[in-house]
Protein chains: 2
Amino acid sequence: MLNVLTPDEVLRLIEDEFLEIDDFYEIVPLDLAVGRILAEDVTAEEFVPDFNRSTVDGYALRAEDTFGCTEAIPAILPVCGEVQMGAHGAIETFPGICCYVPTGGAVPEGADACVMIEYVEDYGDGTVGILKPVAPGQNMIFRGDDVSPGKELMKKGRNLTFPDIGALAALGKSEVRVKKRLRAAVISTGDELVPCNENPEPGKIRDVNSSLLAAMFTVYGAEPVKFDIVPDEADLLEKALNKALDDCEMVLISGGSSVGTKDETARVIEKCGKLLLHGIATKPGKPTILGKCGGKPVFGLPGHPVAAYFVSKIFVLPTMARLMGIELKPYSVTAHLSENVSSNDGRAMYISVKLESFDGRLIAHPVRTKSGLITALAGTDGYFCIERDCEGLPRGAEIQVYVNEVY
Amino acid sequence: MLNVLTPDEVLRLIEDEFLEIDDFYEIVPLDLAVGRILAEDVTAEEFVPDFNRSTVDGYALRAEDTFGCTEAIPAILPVCGEVQMGAHGAIETFPGICCYVPTGGAVPEGADACVMIEYVEDYGDGTVGILKPVAPGQNMIFRGDDVSPGKELMKKGRNLTFPDIGALAALGKSEVRVKKRLRAAVISTGDELVPCNENPEPGKIRDVNSSLLAAMFTVYGAEPVKFDIVPDEADLLEKALNKALDDCEMVLISGGSSVGTKDETARVIEKCGKLLLHGIATKPGKPTILGKCGGKPVFGLPGHPVAAYFVSKIFVLPTMARLMGIELKPYSVTAHLSENVSSNDGRAMYISVKLESFDGRLIAHPVRTKSGLITALAGTDGYFCIERDCEGLPRGAEIQVYVNEVY
């Protein structure tokens with residue numbers, strides 16, 4: 001029998017037992033930084049923009065020269081020139097004159113506003129008529145309006161999105177300090193397993209978890225290190241675990257995590273380090289092991305791929321985030337159940353769903369199978385949880401769905 | 001002046017003008033398939049599982065032999081052996097006997113149920129006592145319970161998630177037919193631009209959009225092809241566009257998309273093909289161009305990075321999805337505004353937000369800047385939209401936030 005912990009207890013245990021890995025960073029070119037974990041706080045070191053810029057195509061001038069003008073009585077001003085994109089400082093605008101400036105062009109010294117070209121009439125004789133007054137500062141941005149030195153822009157631990165990359169480019173950061181990719185060992189164990197490119201003989205099954213877990217680590221920005229299938233033999237498993245601990249920052253062993261005579265994972269972890277827990281009050285995923293060997297987390301995951309999937313999402317990912325100092329943001333989307341779902345196990349129950357848009361709402365179709373494997377994974381969009389003290393949810397109930405990584 | 005289309009009109013235009021690219025696929029090993037776009041429907045070709053399996057550690061037997069047993073009056077059965085994981089067919093269970101079977105082990109011919117080991121007492125003399133009756137089929141799954149030949153599992157166009165990879169492994173699909181990576185040209189144009197690794201002279205600014213848009217395509221699974229910065233000269237832009245059309249399936253030109261004297265993008269697109277639209281009723285993003293050259297989409301994006309960002313999310317991504325036949329699922333999350341936001345432009349307005357979890361709800365902090373660039377991109381979590389016929393939203397209003405790609 002297992003002494004199970006609740007999911008919250010497990011997450012606290014992970015926080016308590018593991019720390020962010022020290023000095024675990026590298027410098028990468030900005031073009032390769034999207035999806036990587038920022039390893040430094042980013043603070044502006046300069047003014048952006050570095051000069052006053054027009055936000056419209058039009059004329060830069062002194063706002064006061066336009067006060068009181070109308071379409072009937074335009075303010076007539078001589079044009080002293082044209083600002084070229086990328087040029088600066090050649091033209092000054094004094095009271096009583098104006099100059100053409102394109103969107104993004106430098107507003108000349110002396111001007112304090114821009115008038116949109118739509119409100120300007122060109123008389124063709126070197127003068128223009130301004131048809132609508134502007135206030136000082138209108139249609140332009142000033143030096144440092146966006147950021148000025150010292151402004152804190154991004155915190156370390158952030159998973160860099162593509163708009164972040166744009167912001168870093170604007171700051172001239174052509175190289176970024178990011179966390180190294182975590183190396184995560186994936187070991188499948190079980191006498192019944194054959195590699196997934198083989199046809200299993202009767203009684204054997206394909207090793208699903210190696211591919212599943214390696215793909216998960218790829219999605220999460222880690223580097224999976226796949227091991228060959230290990231039979232149910234303690235010596236061989238111990239050998240594989242020791243090699244994994246040498247090479248990797250984290251180890252996942254799938255299979256052999258229960259309490260049967262052939263379930264060696266817990267014993268092997270105990271031999272190489274310390275067993276932190278054996279059993280979690282979730283369904284699926286109860287026979288889960290977490291150990292600590294050489295300071296590194298070693299998970300023993302259930303061999304059933306659906307259980308391995310949920311345990312990975314709910315416990316392995318936060319462990320990885322802890323080691324890498326990642327600020328996790330597991331957003332959920334609101335959906336409505338398409339059918340009643342019951343639950344009375346005294347364990348938090350996780351259920352895969354397919355989502356469908358209907359009439360502006362998301363409908364969640366629970367995927368319910370009799371210990372199904374492929375059907376509970378293939379084509380699913382995410383999952384939701386029924387808490388241990390809830391006996392079920394009715395059709396139409398609002399649920400929070402944690403969606404898989406999509407666009 | 002621009003004749004603007006509404007966002008919905010633009011999306012319909014994209015659907016009408018562009019088609020999925022024919023025969024645009026390649027075969028990749030399963031280990032490299034996560035995040036790729038499935039280019040075939042996946043249908044099961046075999047039974048999973050391929051044999052009857054126990055879902056518990058326990059004893060396989062005939063259910064009828066347990067009917068009526070209790071803890072006080074156990075059903076006593078001789079044990080005829082032990083099923084080995086991965087073995088099959090060696091043991092048959094006839095009425096009146098049982099055999100040990102581990103979780104996932106093959107249930108022997110003749111047995112129709114399994115009893116959990118917790119409800120079995122081992123007398124140590126070759127017999128066991130069953131303390132609790134089971135019904136036929138209990139604690140086991142039958143051949144084909146998960147899938148059987150012909151069951152449709154995944155549709156082409158799906159962005160393969162890591163649970164999908166697990167399902168494909170279970171089916172023995174060690175190679176998968178996926179869409180090729182779309183090659184997307186990224187051309188920044190403007191006399192004022194310098195590469196982002198240079199310090200701009202006064203009047204110049206760094207080219208943000210090349211990095212921003214290349215990172216976007218990377219995130220969306222395409223292959224960005226970055227061009228050198230093109231000055232505001234029609235000949236040079238035309239040359240770059242023609243090269244891009246030779247090499248790529250899609251082209252993004254950023255800058256020069258407005259109607260100023262130096263805004264050559266529309267004219268150059270017209271020379272190389274057809275202008276489909278110039279102007280979209282969105283804020284930001286109004287001076288956006290879409291053309292079609294040699295059947296390929298060519299976007300002219302506003303030079304302002306924040307505008308380029310929104311146009312990319314809202315129009316470039318669906319165009320890419322159209323070309324690749326991707327089934328898009330742009331989920332949104334529900335959040336509550338932290339302050340009043342007004343809008344009265346007659347255009348759909350897009351506003352970046354930072355999200356914060358508070359008391360079980362998500363709070364969206366709108367990022368409002370005066371044409372800000374870095375501040376409206378750096379560290380933002382997503383965006384929401386105020387429709388053109390809405391004049392604003394009050395503090396606390398429930399909004400749908402489209403989050404950036406995160407874990």
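Computed over heavy atoms, backbone and side chain alike; hydrogens, waters and symmetry mates excluded.
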### Message
Please report the interatomic distance CD1(I165(A)) to OH(Y309(B)), rounded to the nearest 0.5 Å.
### Response
13.0 Å

### Query
With a 4.5 angstrom heavy-atom cut-off, which part of M154(B) approaches chain A: side chain, backbone, both or neither?
side chain

### Query
Of the backbone (N, CA, C, O) and the side chain (C-beta and beyond), which part of V48(A) lies under 4.5 Å from a heavy atom of chain B, both, or neither?
side chain

### Query
So which of A106(B), S174(B), G379(B), A167(B) has the biggest tally of heavy-atom pairs under 4.5 Å with chain A?
G379(B)

### Task
Examine whether an atom of Q84(A) lies under 4.5 Å from a heavy atom of chain B, and if so say whether it belongs to the side chain, the backbone or both; otherwise answer neither.
side chain

### Query
By a 4.5 Å heavy-atom criterion (distance strictly below it), what part of S332(A) contacts chain B: side chain, backbone, both, or neither?
backbone

### Query
Non-hydrogen atoms of chain A under 4.5 Å away: do they reach the side chain of A214(B), the backbone, both or neither?
neither

### Message
Does E198(B), at its CD atom, have more than 12 non-hydrogen atoms belonging to other residues, nucleotides or ligands within less than 6.0 Å?
### Response
yes

### Query
Would you call P200(A) and D50(B) a side-chain contact if the rule is heavy atoms closer than 4.5 Å?
no

### Message
Atom CZ of residue position F47(A) - does it have more than 12 heavy atoms of other residues, nucleotides or ligands inside 6.0 Å?
### Response
yes

### Task
Could you check which of P305(A), G190(A), A170(A), P195(A) has the highest count of heavy-atom pairs closer than 4.5 Å to chain B?
A170(A)

#### Entry: Option in L212(B), L213(B), D232(B), D191(B) with maximal non-hydrogen atom pairs under 4.5 Å from chain A
L212(B)

### Task
Mind listing the closest non-hydrogen atom pair of T380(B) and R158(A) along with its distance?
O-NH2, 2.6 Å

#### Entry: Leading residue by heavy atom contact count with chain A [cutoff under 4.5 Å; candidates P224(B), G203(B), G104(B)]
G203(B)

### Message
Counting only heavy atoms from other residues, nucleotides and ligands, does the tally under 6.0 Å from NZ of K226(B) exceed 12?
### Response
yes

### Query
Where on K155(B) is there a heavy atom nearer than 4.5 Å to chain A: the side chain, the backbone, both, or neither?
neither

### Task
Go through V147(A), L171(A), L38(A), I117(A) and name the one with the most non-hydrogen pairs under 4.5 angstrom from chain B.
L171(A)

### Query
Hey, would you say the F162(B) and F217(A) ring centroids sit under 6.0 Å apart?
no

### Query
If you draw a 6.0 Å radius around CD in E45(A), do more than 12 non-hydrogen atoms from other residues or ligands fall strictly inside?
no

### Residues forming a side chain to side chain contact (heavy atoms under 4.5 Å, CB included) with A335(B), sequence neighbours excluded
L355(B), L362(B), A364(B), I399(B), V401(B)

### Query
Which one of N197(A), D31(A), T334(A) has the most heavy-atom pairs closer than 4.5 Å to chain B?
D31(A)

### Message
Enumerate the side-chain hydrogen bond (donor to acceptor under 3.5 Å, both in side chains) contacts for residues 202-211 of chain B, please, sequence neighbours excluded, ordered by first and then second residue.
### Response
E46(A)-R206(B), S188(B)-D207(B), S188(B)-S210(B), N199(B)-R206(B), D207(B)-S210(B), N209(B)-S254(B)

### Query
Heavy-atom distance under 4.5 Å to chain B: side chain of L153(A), backbone, both or neither?
both

### Query
So do the side chains of D57(A) and D263(B) get within less than 4.5 Å of each other, counting heavy atoms only?
yes

### For V208(A) against G166(B), the heavy-atom pair lying closest together
CG1-O, 3.2 Å

### Task
Can you tell which part of T218(B) gets under 4.5 Å to a heavy atom of chain A, answering side chain, backbone, both or neither?
side chain

### Summary
Exactly one of D146(B), V42(B), D164(B) clears side-chain contact (heavy atoms from CB on, under 4.5 Å) with I374(A), and that residue is D146(B)

### Summary
Bottom line for E175(B): the part with an atom under 4.5 Å from chain A's heavy atoms is neither

### Message
Measuring from atom CG of D145(A) to atom CG of L373(B), what distance do you get when rounded to the nearest 0.5 angstrom?
### Response
11.5 Å

### Query
So does K354(B) have more than 12 non-hydrogen atoms from other groups sitting under 6.0 Å from NZ?
yes

### Task
State, with a plain yes or no, whether a side-chain heavy atom of I205(A) is found less than 4.5 Å away from one of M85(B).
no

#### Entry: E356(A) atom CD, neighbour heavy-atom count above 12 within 6.0 Å
yes

#### Entry: For chain A, the option from P202(B), P49(B), G105(B) that forms the most heavy-atom pairs under 4.5 Å
P202(B)

